[in-house]
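What follows is a short report on a single structure.
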Amino acid sequence: MRELMASYYMQGHQAECNAWITSGAPVELLYAMDIYPIYPENHGALIGATKLGSYYSDFSERNGFSRDLCSYARCDIGCVFAGTSPIGGLPKPTFLFACNNICNTVVKWYEVLSRIFKVPLFILDTPFIRKELKESHLRYVEEQLYDFIKFAERITGRELEDQKLKEVIARSVEGVGLYAHCLQSARNKPSPMNCFDAFVNMAPIVCLRGTDHAIQFYVGLKKELDDRIKQGISAVDNEEIRLLWDNIPVWYRLRWLGEFFENRNACLVADTYTNAWTGFGELKGNDILSSMAEVYTLSYLNIGMDRTAEIINHLIELYDVDGVVMHSNRSCKPYSFGQYEIQKKLSVPSVIIEADMVDERVFSEAQVVTRLEAFLEML
Amino acid sequence: MKVGYLCTFTPKEIIYSAGFQPFRVFATERPIELASAYIQSYSCSQARGALECALKDDFYAFVFTRCCDTLMRLTDIFEFAGKRVYNIEFPTKIGNVEYYLRELKDFVEVLRDWGGEVSFESLVESLKLYRELEEGLKQLFSVFPDYETAIKVQQIDVKDAIKLVDEKLKSAKKEKESPKVLITGSVCPYPKIYDLFREAGFSIKDDLCTGSRFFEYIYPTFEPEDLEGALRFIAEKYFYKSPCPTKHYESDRRFEYVIKLAEDCDAVVFLLVKFCEPHFFDYPQLKSELEKMGKKVALIELEFPVVSTEQIRTRIEALREVIL
């Protein structure tokens, strides 16, 4: 995993042209045009996991960016000001590609980057599907996909070939299928993995979706998980309580949280975050752009809360969990606002803990412990 | 019957033409009590304040337009709180009129379901009235930026609003020209805050949702001939209204707009509501551009209801002293 991602970042520096891209954007178009995708969000997660969130955020804050802004954005912009990062910084973008199917924050964040680097920015604007998906929404997004192709072709001088796009889509669907299989191995009792394993192993489906690298990685992971099930190896020794995690991980506390739950015989078998990428497996090989418009518009964070609650209840059933731990994440408003109401619609008890995905300064250990302990006792 | 809305991109002309009273919802002087049970404390106080109003006051329905992430989720939260809501998907990327026209047509159907019929005649009349109000406000602000009136007219019948602006215009005294401050931000529904600037010796110009962004439009040049034409007129009118940081414009139109507004000002104050991401993302780079122009820039962060005006007064007076 570490080698794969090190090689991913290294190749980014060597690529002739690259695009910085948001985690919910249709990366298949880039891979089909040999444009190397760079993920500032993944970079942000990596900074969080190395516990350097506040360090790099500080570079942004000193340049006037508020501490209340998304910490992925603060860290990413901070690394640009710092001229480095835990992996030596990201390569300068040829252009920027942001899709607001995960939040409108990325639009502002990428506008900032566009002014810093003085490179073109393409916004793929996906309507928010609060209730039903309308034909007009799909047409709007599909038209923009055609616009994007023209935009990328103009900047790079490369042409998108249908056949190549079909091949990338096929690899993407295969990769997502394998990835989903890995996540679903946690349906086994006891579970061979927990959500912390899923968080650590999600980078290839985000960054390398549509390549053979992702397929090979998840083939290997699938085998390992299947073997663990056969041998009766579980993520938590005495799995008594099965839980579901909601929201982006608290990257700088993965190990701490993992041990906290393990010591109490509780296993967070699944989560809404890593499961969000399984939806991209619905892409169709024919009528690609129309299918792409639909799949990417209906991403997990771009739907109304009724539907979100339905999906969480489906995961509760699928993984047979006893309770839900909801991370109220100061950095992610679209993921967190509404949690109070979603809680009331869930079929099992839930608890909310306040934290931030990358900025460790807002983490209050005593408060989190109190809430979680009371919740586990109640279960 | 009152139909509440929060964002200046809401096509209030259509709501009015269907027989409803468009009512802009702001945070009030009331402390936020009930809303805290529905949304986290790191949401902006405009959202929490508006939710508080929705929970306590009488509205027939609420209309949202896609702007920031908070309002996007607030629509559902209002619905869960038992309110009748509709969300118009105003595009984030300004450009595709045809797409937005389809959204407006759907909205007309929703109003019909709510018991309000939109006809070509009623919509043209509504467009005429709102244009009269907007041009009246523009005139009033060119003499004296009257925020109390600008806020009030968003909560009363448009015909009464036109009369009110006319009366104010008759008695308005020309504000002295210098030194002038440009106040930029989202909403500030408390007239007393603007008074603080005047008391410190500033004349005011603004780029605010509770000020000029409510009435600054570039109107389409065609005359609508049918209902679809009138809806198209509205789509274009709102696409080319004073730009807002929640939207993405070709060639950084928002920055250009603020920079141009600041040209004849001595200072710029970013009057920002805490947790307002769209404005806070723009702030550092826009500040830097304004400083390159030689403008003095200050940031004042607000939370509603405003507890201490004296702290704000001190900041404004300090800025005034720097300019002298």
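The chains referred to below are lettered A, B, ... by the order of the sequence lines, with proteins before strands, and numbering in each begins at 1. When reading the values below, keep in mind they use all heavy atoms of this one structure, side chains included, and skip hydrogens, waters and symmetry mates. Keep in mind that what you see is a predicted model, and the values were worked out from it rather than measured.
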Per-residue contact mode, A:Phe122 against chain B (heavy atom under 4.5 angstrom): side chain
Side-chain contact test, heavy atoms from C-beta onward, threshold under 4.5 Å: evaluate it for B:Asn87 versus A:Phe128 and give yes or no. yes
Side chain, backbone, both or neither: which part of A:Asn63 has a non-hydrogen atom closer than 4.5 Å to chain B? backbone
Give the member of B:Ala81, B:Pro245, B:Cys276, B:Ser288 that has the highest number of heavy-atom pairs under 4.5 Å with chain A. B:Pro245
Does atom CD of A:Glu153 have more than 12 heavy-atom neighbours, drawn from other residues, nucleotides or ligands, at distances under 6.0 Å? yes
Taking B:Phe275, B:Tyr99, B:Phe90, B:Tyr283 one by one, which has the highest count of heavy-atom pairs under 4.5 Å against chain A? B:Tyr99
Test: A:Arg67 cationic atom under 6.0 Å from B:Phe280 six-membered ring centre, within 45° of axis: no
Return yes if some donor-acceptor pair links the side-chain N/O of A:Asp125 with the main-chain N/O of B:Thr92 below 3.5 Å, else return no. yes
Under a 4.5 Å heavy-atom cutoff, which of A:Ala73, A:Cys332, A:Ser136, A:Ser66 has the most pairs with chain B? A:Ser136
A:Ile303, part contacting chain B, at a heavy-atom distance under 4.5 Å: backbone
Non-hydrogen atoms of chain B under 4.5 Å away: do they reach the side chain of A:Asp147, the backbone, both or neither? neither
Please examine the side chains of B:Glu89 and A:Lys134, heavy atoms only from C-beta on, and report whether any two atoms are closer than 4.5 Å. no
Specify which of A:Ile129, A:Ile116, A:Ile123, A:Ile352 makes the most heavy-atom pairs with chain B at under 4.5 Å. A:Ile123
Ordered numerically, the heavy-atom neighbours of chain B under 4.5 Å found in residues 295-302 of chain A are A:Leu301, A:Asn302
List for me each residue that meets ring pair (Phe, Tyr, Trp, His ring centres under 6.0 Å) alongside B:Tyr38, sequence neighbours excluded, and say none if there are none. none
Side chains of A:Glu111 and B:His248: is there a donor and an acceptor less than 3.5 Å apart? yes
Might you confirm whether atom CD of B:Glu291 has over 12 heavy atoms from other residues, nucleotides or ligands at distances under 6.0 Å? yes
Can a side-chain donor-acceptor contact be found between B:Thr246 and A:Asn104 if the only test is distance below 3.5 angstrom? no
Would you mind reporting whether B:Gln40 and A:Glu354 have side-chain heavy atoms less than 4.5 Å apart? yes
Tell me yes or no: between the side chains of B:Lys93 and A:Gln144, is some donor less than 3.5 Å from an acceptor? yes
Looking only at B:Leu272, B:Leu74, B:Asp106, the option with the highest number of non-hydrogen pairs under 4.5 Å against chain A is B:Asp106
Is it true that, when you exclude B:Lys274 itself, more than 12 heavy atoms of the residues, nucleotides or ligands shown sit nearer than 6.0 Å to its NZ? yes
A:Asp68 vs B:Glu277 side-chain heavy atoms within contact, under 4.5 Å: no
What part of B:Ala37 is in contact with chain A, defined as an atom under 4.5 angstrom from a non-hydrogen atom: side chain, backbone, both or neither? backbone
Take atom OH of B:Tyr60 as the centre, draw a 6.0 Å sphere, and report whether it contains more than 12 heavy atoms from other residues, nucleotides or ligands. yes
Is it the backbone or the side chain of B:Ser36 that comes under 4.5 Å from a heavy atom of chain A, or both, or neither? backbone
CD1 (B:Ile77) and CZ (A:Phe337) are apart, to the nearest 0.5 Å, by 7.5 Å
B:Phe80 versus A:Lys344: any side-chain heavy-atom pair under 4.5 Å? no
Evaluate the criterion salt bridge (Lys or Arg N to Asp or Glu O under 4.0 Å) for residue pair B:Glu79 and A:Arg130; output intermediate values, then yes/no. CA-CA 11 Å; B:Glu79 188 171 68; A:Arg130 201 177 80 81; 3.4 Å; yes
How about CD on B:Glu109, more than 12 heavy atoms from neighbouring residues, nucleotides or ligands closer than 6.0 Å, or not? yes
Answer yes or no: is there a side-chain heavy-atom contact under 4.5 Å between A:Ile77 and B:Phe281? yes
Short question: side chain of B:Asp76, backbone of A:Gly304 - any donor-acceptor pair under 3.5 Å? no
So how far is it from A:Tyr140 OH to B:Glu103 CD, rounded to the nearest 0.5 Å? 10.0 Å
Okay, A:Val112 and chain B: the region with an atom under 4.5 Å from a heavy atom over there is both
Quick check for you: among A:Arg115, A:Met305, A:Arg330, A:Glu341, which has the greatest number of heavy-atom pairs under 4.5 Å with chain B? A:Arg115
Tell me, out of A:Ser60, A:Gly338, A:Pro334, A:Gly64, who's got the most heavy-atom pairs with chain B below 4.5 Å. A:Pro334
Does any heavy atom of chain A fall under 4.5 Å from the side chain of B:Lys105, the backbone, both, or neither of them? neither
